[in-house]
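Below is one structure, written out as structure tokens, with a few remarks after it.
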Amino acid sequence: MLITVVTLFPEMFPGPLTYSLLGKKLGTLWNLKIVNIRDFSDNIWHKVDDTPYGGGAGMVLKPNIVHDSLSYALSLYNGSNPTIVYMTPRGQVFNSNIAKKIVNNEGIIILCGRYEGIDQRVIDFWKTNHNLVEISIGDYVLFGGEIPAMVLIETCLRFIPGIMHNSESVMDESFAIDLLEYPQYTKPAIWCGNSVPSVLLSGNHLEIAKWRTEQSKQITKALRPDLWKKYLELHSDNGG
Ligand code: ADE
């Protein structure tokens, strides 16, 4: 799986993505390429932006430069069809269902915006001709799309077979089944006078599974009533 990030700040990558399981699998299960938008500048000063038509503060990335950067990124896929994502606070708010849709055997290209924005014509062109999707990681505005891109990459890669130690664990975790995770405990069995719930020491796997599911339900109901409502809607046929 090839992921290509199109950015003005290539030195921010791979950054945190080199740590832990993702880092270990970088170069085998997934690859990362970085395209520096500045390399596609059309002038000797390496400028990539200009003032906005109509006036206003800030600078806007020029359409031809972003277009050439994206076209180069796409050429790295040898004719296959990666998902093309533009990180922007205007996009659909990201969640694990969207991550599952973005994960694509043919790869992902992620365009990171900066400054006041990108000329709308290039966004429209890539939406119409290459199904570009706009994604936000939440209702707040960051300086650019690089950190959001890292959030998206880490979330998506967790859905790729072989990334997790235990291929089942991603399905078991928060949000994969619309419930929050049950509490976890490890040794010692008694800490600060508090014992581990006895069912976990029973060795009865059926009872443990039932207890965990029930805990997940209670925690979701208490902490995230919105997720609990969705869960009930999805599982209304089996009584939740
Ligand atoms: N760029 C700036 N803020 C962002 C956000 N919240 N999500 C995605 N990209 C962004």
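For ligands, and for the atoms within them, numbers begin at 1 and follow the listed sequence. If you read the sequence from its start, that first residue is 1, and numbering goes on from there. Model, not experiment: these values are computed from the prediction.
- Scanning all protein heavy atoms for the shortest distance to atom 7 (N) of ligand 1 gives Ile137 N, 2.9 Å.
- The option from Asp139, Val85, Val93, Leu142 that lies nearest to atom 3 (N) of ligand 1, judged by heavy atoms, is Leu142.
- In the vicinity of Gly138, heavy-atom distances shorter than 4.0 Å reach the ligand 1 atoms 6 (N).
- Using cut-offs of 30° and 60° for the angle between ring planes, the His67 and Phe125 rings count as perpendicular.
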Could you walk me through whether Lys62 and Asp42 pass the side chain to side chain contact (heavy atoms under 4.5 Å, CB included) check? CA-CA 10 Å; Lys62 294 173 70 166; Asp42 55 4; 3.4 Å; yes
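- With salt bridges taken as basic N to acidic carboxylate O contacts below 4.0 Å, one links Lys210 and Glu207.
- Annotation: Val141 places no N or O atom under 3.5 Å from an N or O atom of ligand 1; distance criterion only.
- Every atom of ligand 1 with a heavy atom of Met87 under 4.0 Å away is listed here by number and element: 8 (C), 9 (N).
- At under 3.5 Å, not a single nitrogen or oxygen of Pro148, backbone or side chain, sits near a nitrogen or oxygen of ligand 1.
- The protein heavy-atom contact nearest to atom 4 (C) of ligand 1 is Pro89 CD, 3.7 Å.
- The shortest contact between atom 6 (N) of ligand 1 and any protein heavy atom is with Tyr140 O, 2.8 Å.
- Comment: Glu181 does not engage Arg212 in a salt bridge, judged by the lack of any side-chain N to carboxylate O separation of less than 4.0 angstrom.
- There is a side-chain donor-acceptor pair under 3.5 Å between Thr4 and Tyr77.
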Step by step, would you call Thr88 with Glu134 a side chain to side chain donor-acceptor pair (under 3.5 Å)? CA-CA 6 Å; Thr88 165; Glu134 294 179 293; 5.0 Å; no
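- At least one heavy atom of Ile135 sits less than 4.0 Å from an atom of ligand 1.
- For Gly144, the heavy-atom gap to ligand 1 drops under 4.0 angstrom.
- Between Gly91 and Ser136, the closest heavy-atom pair is O-CB, 3.6 Å.
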